2 protein chains.
Amino acid sequence: MSGGHITIEDVAAAAGVSRQTVTRAMNGMPEISQRTRELVLRTAAELGYRPSRFASNLAARRKVRSIGLVLGSLRNPYYTELAAELLDVVTPRGWQVLMASHEQGDDVALVAALSGQADAIVGYFIGDETDLVAAARGVPLVQVERPATVSGMHAVIVDFDAAIEALLDELRSRGARRFGLIESSMPPEDGRRYRPTRRRRSYERFAGPDSADAVVVAEESIRGGADGLVRLRAKHPDVDTVVVFNDLMAMGAMQQAQLDGVAVPGDLRVVGVDGLSLGAVMSPPLSTLSIDRRALAAEAADIVSTLLDGAEPPPQPSVVRTVLPRPLWRASA
Amino acid sequence: MSGGHITIEDVAAAAGVSRQTVTRAMNGMPEISQRTRELVLRTAAELGYRPSRFASNLAARRKVRSIGLVLGSLRNPYYTELAAELLDVVTPRGWQVLMASHEQGDDVALVAALSGQADAIVGYFIGDETDLVAAARGVPLVQVERPATVSGMHAVIVDFDAAIEALLDELRSRGARRFGLIESSMPPEDGRRYRPTRRRRSYERFAGPDSADAVVVAEESIRGGADGLVRLRAKHPDVDTVVVFNDLMAMGAMQQAQLDGVAVPGDLRVVGVDGLSLGAVMSPPLSTLSIDRRALAAEAADIVSTLLDGAEPPPQPSVVRTVLPRPLWRASA
DNA sequence: AGCGTCACCGTGAACGTTCACGGAGTGAGG
DNA sequence: CCTCACTCCGTGAACGTTCACGGTGACGCT
């Protein structure tokens, strides 16, 4: 007999039984006759009763663990394959995953919203770390591909430096003379200012002085990759080997090359970053710097585990792990 | 001063303040001095206090809505693009999405686990509807691509019949003489028995008597598609047009064709189902029967909305919507 | 001195469910 | 008739947080 909302008490009253009996009926418990069970279920349905999952979880002292996952986009298979790996790691432990993407949205606001529903949040963040930690309201944060600089933030980082150096060396030994880079414009240029990514910085460190500035910034999508390639070739016609920020953009670039009659890898070597399995079905198959998503997910889950199940006083200000990408040579380079 | 678990009361005691003050500190509320806020925050961190989100949501009468999404796999871009669309539809309303896949797992168990955390569950289900509804424990269920036959189950279905008839007609007019189908083996053959999918049944209805049995069943993956094609061509060498269960498998089939020196679309027309944007970067670009994922997601969200925010007595036993696929002609057929 | 204001802090009472009990009724067995 | 067991059902007391309200000092003003 309440205002807007129907509680267990309302159902009990309407059915002429007690709270506990309603619980028994709803949850399929014993100690209830078939007759009353059906009666209760029917009146519950008629009233449109939906149990409060918050009250239920609280009272039952349930220990469900759910972790928030914040991705850059769900339209890039890299992110969703990472999500798949995380799910594989985490589902056997009975954890659940709350998914979100900051494609067009505010990083920090997302974390704030998620913090009420998740026990930990891991993901690709772009916002200010202090803001993020504040928004998290005490729930542990694990960021990927970016080192943690404030307390309360943890990280699993991808060490591009060594990998990209090796990658470029191998490319040189395969005949590469002049490199170019198609870089991502994330975080988007509108509003915020563009900041060079870690991948770009690693590239510039090892590409050699003449190639370090052969960089174009493009949208993080297939179209963006294609667009980036035409701009790169216009500005630096002598580039014979192009490294692309990620595989999705690399696919766009390869398609564009084909459209423009540029032979890959004959006229132009193309190599992406991520290691998408879909790159293998391109023609030619896409060479790529593969990021071990399974390891990434496992490390992230492990950090969360440490943070949540660890000793009473949390271990360190920040716990960080590292993952090493490795080249996956296919025909495109 | 509890057993294993640290509550707000413990923090209050340790800091020498009251519950409410701890709340104020944790949630950044006013009416608290900077000094005590820091004190509380520090002791909370030292104790490893993590507020119970259940108690918090209950007491604050928060109306967070989270909906569970059960997909076949997160490694198939079709599913994740659907997830992306759902997120786009649902995030502006402030809803959150709990993601899961039944790749190797039990359908019904998943719903049971999710039902404690979600206000509604939508997805691709394969289990028995009655079991699913029972496992949902009162939370509304919306299944995709399968009509609802029991009360408590709702559906948004994809009408393949008309679309596949039109598709095959057009293919015939483009010269197709003999069709073949690469069908999915989901639900997996191990344990459960294989059941023909709706897509297969629509195909068999319109492929003509001589093509209705030119069907091979393969795993739902790139490799599966490739494997399916070799088996299909071995058994039915005269097939000149192959319809593939989904785009992912179709990509595998196309790659296999290329490996076997079969020209597409010259020797063999290939057409998939789903409408993946990635199909466009294949060479040749993949023709496909496109499913409008945005509409699908919107309909599902709308059903959930109706169910949850609707009048006290829920509308009908089952509410169902329909989405029409449409052909997307690219070069592969 | 008296009063009001302001900044800070604490105390019942919710929130809606489940758990641990205890109790009523029935029927069988002595 | 008493007892025991068994089935079914109801009543306080949690669960851990937030809300509404009330209180206490300090300070300034008349």
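This is a predicted model, so every value here is computed, not measured. Residue numbers begin at 1 in each chain, while the letters A, B, ... track the order of the sequences.
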Discussion item. According to side-chain hydrogen bond (donor to acceptor under 3.5 Å, both in side chains), who are the partners of B/Arg146, at least two apart in sequence or on a separate chain?
Written reply: B/Gln143
Worksheet entry | Rounded interatomic separation in angstrom, taking CG from B/Asp10 and P from D/dG16 | 9 Å
Practice prompt. Whole angstrom is fine here: how far is it from CD1 in B/Ile32 over to C1' in C/dC6?
Written response: 17 Å
Worksheet entry | A/Ser33 side-chain proximity, nearest of D/dG16, C/dG10, D/dC9 | D/dC9
Worksheet item: When the ring planes of B/Phe54 and A/Phe54 are compared, do they come out parallel, tilted or perpendicular, using 30° and 60° as the limits?
Response: tilted
Item to complete: Check whether the side chains of A/Arg62 and A/Ser56 place a donor and an acceptor atom closer than 3.5 Å, and report yes or no.
Response: yes
Fill in: Listed partners of A/Gln34 passing side-chain hydrogen bond (donor to acceptor under 3.5 Å, both in side chains), at least two apart
A/Glu38
Worksheet item: Rounded to whole angstroms, how far apart are CZ on B/Arg50 and P on D/dG16?
Response: 13 Å
Practice prompt. State, yes or no, whether a side-chain contact exists between B/Leu296 and B/Glu85 at a heavy-atom distance under 4.5 Å.
Written response: no
Item to complete: Please say whether more than 12 non-hydrogen atoms of neighbouring residues, nucleotides or ligands are located less than 6.0 Å from CZ in B/Arg35.
Response: no
Worksheet item: Just how far, in rounded Å, is P of C/dC15 from CZ of A/Arg53?
Response: 19 Å
Item to complete: Grab the CG-C1' distance between B/Asn57 and C/dC15 for me, whole Å please.
Response: 11 Å
Worksheet item: Pick from A/Ile121, A/Val90, A/Val122: which one makes a side chain to side chain contact (heavy atoms under 4.5 Å, CB included) with A/Val304?
Response: A/Val122
Worksheet entry | Qualifying residues under salt bridge (charged side-chain N to carboxylate O under 4.0 Å, His left out), relative to A/Asp119, sequence neighbours excluded | B/Arg53
Worksheet item: How close or far is atom C1' of C/dG10 from atom CD of B/Glu9, stated in whole angstroms?
Response: 12 Å
Worksheet item: Contact class for A/Leu58 vs. all strands (heavy atom < 4.0 Å): base, sugar-phosphate, or nothing?
Response: base
Worksheet item: Does the side chain of B/Thr21 get closer than 4.0 angstrom to OP1 or OP2 of C/dC8 through an N or O atom?
Response: no
Worksheet, complete the sentence: Overall bend of the helix from C/dA1-D/dT30 to C/dG30-D/dC1 (five pairs an end, 10° steps) is 60°
Distances for protein N/O vs nucleotides 18-25 of chain D N/O pairs under 3.5 angstrom?
unit_1 : atom_1 : unit_2  : atom_2 : d
D/dT18 : OP1    : B/Asn27 : ND2    : 2.9
D/dT18 : OP2    : B/Thr23 : OG1    : 2.8
D/dT18 : O4     : B/Arg19 : NE     : 3.1
D/dT18 : O4     : B/Arg19 : NH2    : 3.4
D/dC19 : N4     : B/Gln20 : OE1    : 3.0

Worksheet item: Distance-only, no hydrogens or angles: does the B/Ser66 side chain make a donor-acceptor pair with backbone N or O of B/Gln117 under 3.5 Å?
Response: yes
Worksheet item: Which parts of residues 134-141 of chain B get close to DNA chain C, meaning a heavy atom less than 4.0 angstrom away?
Response: none
Worksheet item: So, A/Arg24 and A/Glu31, do they make that salt bridge, N to O below 4.0 Å?
Response: yes
Worksheet item: Side-chain N or O of A/Ser18 less than 4.0 angstrom from OP1 or OP2 on D/dC9?
Response: no
Worksheet entry | Electrostatic pair A/Arg65-A/Asp309, nearest N-O below 4.0 angstrom | yes
